[in-house]
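Reviewing the structure listed below.
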Protein chains: 2
Amino acid sequence: MADVNFMTLSSFTSPSLTKTDAARLAGSRDAAETSEGIPPYDLIELLFFAYRDFTADPDTVLSEFDFGRAHHRVLHFVDRNPAIRVTDLLAILRITKQSLGRVLKQLVDEGFIEQRPGPLDRRQRLLHTTEKGHGLARKLAAMQARRIDAAVSALPETGAEVVRRFLFQMIDPDLRPDVGRMLGPAALSRVQGSAGPAAESSEA
Amino acid sequence: MADVNFMTLSSFTSPSLTKTDAARLAGSRDAAETSEGIPPYDLIELLFFAYRDFTADPDTVLSEFDFGRAHHRVLHFVDRNPAIRVTDLLAILRITKQSLGRVLKQLVDEGFIEQRPGPLDRRQRLLHTTEKGHGLARKLAAMQARRIDAAVSALPETGAEVVRRFLFQMIDPDLRPDVGRMLGPAALSRVQGSAGPAAESSEA
DNA sequence: AAATTTACGTCAGCCATATTGACTTTGCCT
DNA sequence: AGGCAAAGTCAATATGGCTGACGTAAATTT
């Protein structure tokens, strides 16, 4: 139950917090110090709220299994990358072996993920979702899909393309190739497009 | 130091994980079960990676002060909403009083945030950033701004508008009014636009 | 004036998820 | 044989959440 205090929001911005206050204060300070312009607070905060709600739906389902977000991430990437090695999973998630170990063990013990010895390199334990695991992964993805589809459908034609490109550009440049590879050739081309407003830009 | 294992990425997708594997497996399963179409995995994963890197920059700075993300969030929203009440901050962050208490106390003790009694309601401790606190908030926002600006500049003209609308639509519908109010009238109108897939095109 | 509610804080304890560093086992490769 | 890589494990620690219970001051209602 991630979302319980919805109704207790006293409306977020209190009566005492008139936008006038904010404007006045921010205004005076901005004038004095803006050497780099005003940050895009709207996008910064929209990212915060959007991401929060984006992850909230799966949380409620996961808690039924006594799983958390960590389990979700592992399950998701294993489901999406069958036969992935533990090492590669660590690189994707950017966590330590120990952190992964705990949640992975639970997922394996409870039959969501299975490990098969690598056919070429027998040191590897290649990870796969079981039917059960795949089912859960799909269920969670479907929840997020519904939210995304709704948001995209409120956009102009090319909206999804633009969003994909934006998000891709938000990724550290040196990691983009890896992410691009992971998304697959189709998505990759969708994500790159002719990325420039003018003609410049940074592809390659 | 959030980002240390960059160089140890054995390239993310291992040699053993050929896209053929994934395609084969996913393909066979999809055929059998697609009653709702394939989830937009690209957007799901792009959100994950983008948000991760988006929050990574500030982390490195924060760790110099022995602060974490929790501190960042508090500092940010106090800086953006001068004279905010504790109750409202709790509603925005959706955490408990206890959780907030810990980090808020540190921020106050170390002179980043100050509390002033409410002029009307003396039970309130209205929160403000100090110069020091404001400076840090700005520094962190600037880091995120740089990344966002770079991403936006790789987009077509109306790109930022589209992204804003997308993110806004990703927020729970019942919370949108609150977020909208927080962003302020200017940003709000930018975020709403005529949200239809058909005759849009985002002016204003 | 008394009762209730609100705003804020705090104590005590718990849990999930992450970290580091060291060490082992197994197996690949030269 | 020696070295390196893949995976697992132990122990200790930090962070950021959580619940429940209480306390105090001030505002509001009855």
Side-chain angles (χ1 to χ4, degrees), chain A residues 1-5 8-11 14-17 52 55-56 59 62-63 65-74 83-91 93-109 113 115-127, chain B residues 1-5 8-11 14-17 52 55-56 59-60 62-63 65-75 83-91 93-109 113 115-127:
Chain A
M1 302 312 126
D3 309 332
V4 185
N5 32 9
T8 71
L9 302 184
S10 72
S11 98
S14 74
S16 70
L17 179 64
R52 161 112 85 26
T55 53
D59 284 353
L62 288 158
S63 69
F65 297 83
D66 281 299
F67 287 159
R69 269 181 218 179
H71 301 85
H72 184 193
R73 291 194 287 264
V74 171
I84 193 175
R85 293 186 308 159
V86 170
T87 307
D88 293 322
L89 190 51
L90 289 175
L93 299 175
R94 273 201 234 161
I95 57 176
T96 57
K97 225 190 313 182
Q98 295 73 7
S99 299
L100 175 60
R102 201 186 349 106
V103 301
L104 182 55
K105 188 174 190 312
Q106 290 177 269
L107 287 166
V108 169
D109 286 350
I113 288 181
Q115 301 168 304
R116 304 179 197 159
L120 303 173
D121 185 334
R122 297 197 342 262
R123 291 172 303 180
Q124 302 173 350
R125 319 272 167 98
L126 306 184
L127 305 174
Chain B
M1 307 306 126
D3 308 334
V4 184
N5 31 10
T8 72
L9 300 186
S10 72
S11 97
S14 74
S16 72
L17 180 66
R52 163 111 86 25
T55 53
D59 284 353
T60 72
L62 288 159
S63 69
F65 298 83
D66 281 301
F67 287 159
R69 270 182 218 180
H71 301 85
H72 183 192
R73 292 193 286 263
V74 170
L75 185 64
I84 191 174
R85 295 186 307 158
V86 171
T87 308
D88 293 322
L89 190 51
L90 289 175
L93 299 175
R94 272 201 235 160
I95 58 176
T96 58
K97 225 190 313 181
Q98 295 74 8
S99 300
L100 174 60
R102 205 177 336 115
V103 301
L104 182 55
K105 187 173 191 312
Q106 289 177 269
L107 287 165
V108 169
D109 287 351
I113 288 183
Q115 301 168 304
R116 304 179 196 157
L120 303 173
D121 185 333
R122 297 196 342 264
R123 291 170 304 177
Q124 303 173 350
R125 321 271 169 97
L126 306 184
L127 305 174

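Spacing between atom CZ of B:Arg116 and atom P of C:dC8 amounts to 15 Å, rounded to whole angstrom units. D:dA26 atom C1' lies 14 Å from atom CZ of B:Arg85, rounded to whole Å. Between the CD1 atom of B:Ile84 and the P atom of C:dC8 there is a distance of 10 Å, given to the nearest Å. Between the P atom of C:dT20 and the CZ atom of A:Arg94 lies a distance of 13 Å, rounded to the nearest Å. Spacing between atom CD1 of B:Ile95 and atom P of C:dG9 amounts to 13 Å, rounded to whole angstrom units. In this structure, A:Arg69 places its CZ atom 15 Å from P of D:dG16, rounding to the nearest Å.
In this structure, the nucleotide among C:dA18, C:dC28, C:dA7 sitting nearest to the side chain of A:Arg122 is C:dC28. Of the candidate nucleotides C:dT20, D:dA7, C:dT17, D:dA7 has the atom lying nearest to any side-chain atom of A:Gln124. With D:dG8, C:dC28, C:dC8 as the choices, the nucleotide that has an atom nearest any side-chain atom of A:Arg123 turns out to be C:dC28. Between D:dT19, D:dA5, C:dA7, one nucleotide has an atom nearer to the side chain of B:Thr96 than all others, and that is D:dT19. Minimum atom distance to the side chain of A:Asp121 is reached by C:dC28, of the listed C:dT20, C:dG9, C:dC28. If you check D:dG16, D:dG8, C:dA18 against the side chain of A:Arg102, the one that comes closest is C:dA18. The side chain of A:Ser99 lies closest to C:dT19 when the candidates are D:dG8, C:dT19, C:dG9. Among C:dT17, D:dG8, C:dC28, the nucleotide with an atom closest to any side-chain atom of A:Arg73 is C:dT17. Side-chain atoms of B:His71 lie closest to D:dG16 of the nucleotides D:dG16, C:dA7, D:dC18.
With DNA chain C read from its 5' end, the first of the two nearest nucleotides for B:Leu104 and A:Gln98 is the one closest to B:Leu104. Of the residues near DNA chain C, B:Leu127 and A:Gly68, the one whose nearest nucleotide (by heavy atom distance) lies more toward the 5' end is B:Leu127.
No contact: A:Gly101 has no heavy atom under 4.0 Å from any strand. A:Lys105 comes within 4.0 angstrom of no nucleic acid atom, judged by non-hydrogen atoms across all strands. Nucleic acid contact for B:Leu100: none, since no nucleic acid atom lies under 4.0 Å from a heavy atom of the residue. Residue contacts for B:Gln106: at a heavy-atom cut-off of 4.0 Å it reaches no nucleic acid atom on any strand shown.
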